[in-house]
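Notes for the one structure printed next.
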Amino acid sequence: MAWGKKKGGRKEPLFGLPAALADLRLTAADRIPGGEDKPKKSAKSSPKRKSEDAGDEPPRERKAQASRSGAKRRAKSRGGFGLGRLVYWGAVLSLWGVIAVIGVVIYVGAHLPPIQSLEIPKRPPTIQIVGIDGSVLAQRGEMAGANVALKDLPPYLPKAFIAIEDRRFYSHYGIDPVGILRALVTNVLHRGVSQGGSTLTQQLAKNLFLTQERTMQRKLQEVELAIWLERKHSKDEILELYLNRVYFGSGAYGVEAAAQRYFGKSAKNVTIAEAAMLAGLVKSPSRLAPNRNPEGAEARAQIVLAAMADAKFITEAQAKASTGHASYNVKPVGAGTVNYVADWIGEVLDDLVGQIDDSIKVETTIDPKLQSVAEAAIIDELAAKSVKFNVSQGALVAMTPDGAVRAMVGGRNYSESQYNRAVTAKRQPGSSFKPFVYLTALEQGLTPDTMRQDAPIEVKGWRPENYTHEYFGSVTLTQALAMSLNTVAIRLGLEVGPKNVVRTAHRLGISSKLEPNASIALGTSEVSVVELVGAYAPFANGGLAVTPHVVTRIKTLGGKLLYMRQPEERNQVIDARYVGMMNAMMRETLISGTAKKAEIPGWPAAGKTGTSQDYRDAWFIGYTANLVTGVWLGNDDNSPTKKATGGGLPVEVWTRFMKTAHEGVPVAALPSTPGGWGLSNLAQAASQVSSPTPAGPPANAGYRPPPPTRANVRPEAAAGLDGWLMDRLFGGNR
């Protein structure tokens, strides 16, 4: 018996974590069945004994047993790793890929309108503006021609687009994997984006619903919408929509608008060469537009012809015969100063028809021939004399005596400045405002022969003077108006009352605010050209109020009438007697006064010049029984000109325009005073009547005032405010 050794072995005391784990032992149930070291069952063995026996097993044997068990498990694992593990991870990755795709689709779809609510949007409305002869003057909005049915187009036109843009159009379902792969390979080989993989359906989806931004989200939205379009519409419907909506450059949307813009014909009548050129524009419409880059457009058209031949849509002979045969030298419509008219129309459309949802045609009172003459008169005069007189801008408005605008020029160059100086700008009219002062005086009992003093005057410290600083004593109202004497106009204004002068001007058609002060007689309150011309119209039509207008009818392109101008009740705003008196007085302005350069052979005409302070504005408003025309010249910044007066440049522009406008028009007399304006004047008027016009106007229409004595009036005077000094310095009327 060994020293100190007891049966069962010595047990050392355990503390902490080892003590807690001391009783944990594997039982027979925990062991692997069939193991060689499985303990034998013993009825007499207690759990405690088993635990002690297990604890008596040498550690080396337990370690060897564990090693053998682990080796077996590793052998089994190595045997099944290859194919099984590959399948497992492949399934996992596929599942996550599907989840990712679904997530992207949901995210992209969440940023689209609900598919069930998507509809093909209407075309943006187009405003087509036509002249009195039916010709197109200008166009506003996108230039979109009428929708053309696919069956009405020549078969080679849609095939040209299929050949160059989407050869597999009829075989894919909105997206073309083969085309995408081909484009990807091509772009990789060229190290850049040289070919696109979008189908015609995708392009249509982008044009209808999306922006042109190049982002992954927009591309994915395009794919979803393309699939939706393919589900909702047939292939032919998609192709027809595409051809009627795609952009072709120069503001043209759809094949009809493009054919009209570039070839001057309907898309139904284009040739193979023209069809190829149209199809070629889609790649880069702004860069390849034939009116801007004819060489580039032709080169692209040849590529399209080759693609059509390769796809067997046309023969090689047809492709060769069509090369270089597209005619595209069509002048764009709506160029020039007529765009000022178009802008003015755009401002009043909302009042006439409200919100525009459909494309419309606006019929106007504009005469294209007169518009061209007016434009040339302004541009040529400024080109010749703008530097000499330091005048940079001009405006012209011509209307019939009933207010129908026949021509309007709002500036010398619309492309440089769209500011409409005929409608929007307001300037001081100077002496061209004086007729309202004289009319007020006539209505208060004075006559053209009434005498008034031309002498120095002071009004609350203000000392207005005549242009020449000279005074002519007693003069008739006719002489004072013809020579534009400031002191007489101020005296008359104060005599009749500035408020009454303002009422007269407003009654005749001035709509701007006018200040009722002493200086109103010299035209110090600002007005626009169109309203001043409209206020002169009653002198030409016998005293009836007019409303300047340019729109006569508005229709949809389908022919539905939206607006028609109704004849307005024209109130008598000037008594016929005073109309005749004013016409006789203002005729003298053209005969011996400030506008002696203004003449229209055979036509009785009248008018008034105007020059504002420091020569900032030069005006002439003149009229016949056929047209009332006003001209303004000056600078946008209101800077002084170099002594440009109403009797100079404006009269020259007016004369050039009016001579052309009256060619071939039967002569008509201006309204005159029935029976004259007083028994004492009859003999005098008859003895001094001017030579009758071809139309034989009444004698009093040609009334000339009695010639004043040398002591009272300056010889050959052009005007007080409007140019007498210029006559003396330069030998001509200004």
Side-chain angles (χ1 to χ4, degrees), residues 123 125-148 250-270 291 329-349 352-353 356 358-376 396-410 414 422 547-568 626-627 629 657 660-666:
R123 288 174 177 270
T126 302
I127 304 171
Q128 188 181 78
I129 299 170
V130 301
I132 196 172
D133 61 351
S135 62
V136 177
L137 300 175
Q139 190 139 340
R140 287 293 181 268
E142 298 170 347
M143 181 182 177
N147 283 337
V148 184
S250 297
Y253 286 79
V255 289
E256 179 65 19
Q260 295 287 355
R261 169 59 58 89
Y262 298 127
F263 311 127
K265 63 174 70 172
S266 171
K268 301 174 184 178
N269 303 320
V270 297
N291 58 347
N329 296 320
V330 177
K331 181 181 178 181
V333 297
T337 58
V338 75
N339 284 286
Y340 291 111
V341 179
D343 289 350
W344 185 34
I345 291 172
E347 293 173 3
V348 302
L349 274 181
L352 299 180
V353 295
I356 301 171
D358 299 316
S359 296
I360 59 174
K361 179 166 71 173
V362 181
E363 299 178 9
T364 72
T365 60
I366 296 295
D367 185 330
K369 294 180 180 178
L370 295 186
Q371 181 68 31
S372 297
V373 174
E375 178 179 312
L396 181 149
V397 173
M399 67 178 66
T400 61
D402 64 356
V405 176
R406 291 286 185 251
M408 172 183 286
V409 177
Y414 180 84
T547 301
H549 60 276
V550 69
V551 178
T552 56
R553 286 197 301 179
I554 301 175
K555 300 187 296 184
T556 66
L557 296 184
K560 180 182 178 181
L561 183 65
L562 301 178
Y563 167 83
M564 175 178 286
R565 179 175 175 80
Q566 300 298 324
E568 59 184 0
N626 178 53
L627 277 179
T629 301
F657 172 79
T660 304
H662 287 77
E663 288 179 357
V665 180

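- Using a 4.5 Å heavy-atom cutoff, the side chains of Glu568 and Asp402 are not in contact.
- One distance of note links CD1 of Ile360 with CZ of Arg553; it measures 13.5 Å at 0.5 Å rounding.
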Going through the checks in order, is the side-chain contact (heavy atoms from CB on, under 4.5 Å) test met by Thr629 and Leu396? CA-CA 7 Å; Thr629 301; Leu396 181 149; 4.0 Å; yes
Test Val405 against Ile366 for side-chain contact (heavy atoms from CB on, under 4.5 Å), laying out the working first. CA-CA 6 Å; Val405 176; Ile366 296 295; 4.1 Å; yes
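- The minimum heavy-atom distance linking Ala374 with Ala407 is given by the pair CB-CB, 4.1 Å.
- In terms of modelled atom types and a separation under 3.5 Å, the side chain of Thr364 and the main chain of Val130 share a donor-acceptor contact.
- Here the NZ atom belonging to Lys555 is positioned 14.0 Å from the NZ atom belonging to Lys560, to the nearest 0.5 angstrom.
- The side-chain heavy atoms of Asp343 and Arg140, taken from C-beta on, include a pair separated by under 4.5 Å.
- Under the side-chain hydrogen bond (donor to acceptor under 3.5 Å, both in side chains) criterion, Thr365 pairs with no residue at all, not counting sequence neighbours.
- Of all heavy-atom pairs between Tyr340 and Tyr414, the closest is OH-CA, 3.4 Å.
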Between Phe657 and Leu370, is a side-chain contact (heavy atoms from CB on, under 4.5 Å) present by the stated rule, with each step listed? CA-CA 8 Å; Phe657 172 79; Leu370 295 186; 4.1 Å; yes
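- Side chain of Thr552 to backbone of Glu363: a donor-acceptor contact under 3.5 angstrom is found.
- Glu256 places no side-chain N or O within 3.5 Å of a backbone atom of Val148 that could act as its donor or acceptor partner.
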So Gln371 and Leu137, side-chain contact (heavy atoms from CB on, under 4.5 Å) or not? Walk me through it. CA-CA 10 Å; Gln371 181 68 31; Leu137 300 175; over 6 Å; no
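- Interatomic distance, Gln139 CD to Lys361 NZ, rounded to the nearest 0.5 Å: 11.5 Å.
- For the residue pair Pro548 and Met399, the shortest heavy atom distance occurs at CB-CE, 3.7 Å.
- Scanning both residues, Leu627 and Ala661, for their nearest heavy atoms gives CD1-CB, 3.6 Å.
- Contacts of His662 classified as ring-ring contact (aromatic ring centres under 6.0 Å, His included), with partners at least two apart in sequence or in another chain: Trp603.
- The two residues Ala422 and Val409 make their nearest non-hydrogen contact at CB-O, 3.8 Å.
- In this structure, Arg406 and Ile132 have side chains that are in contact, with non-hydrogen atoms separated by less than 4.5 Å.
- Test Leu352, Ile129, Leu349 against Val551 for side chain to side chain contact (heavy atoms under 4.5 Å, CB included) and you get one pass: Leu352.
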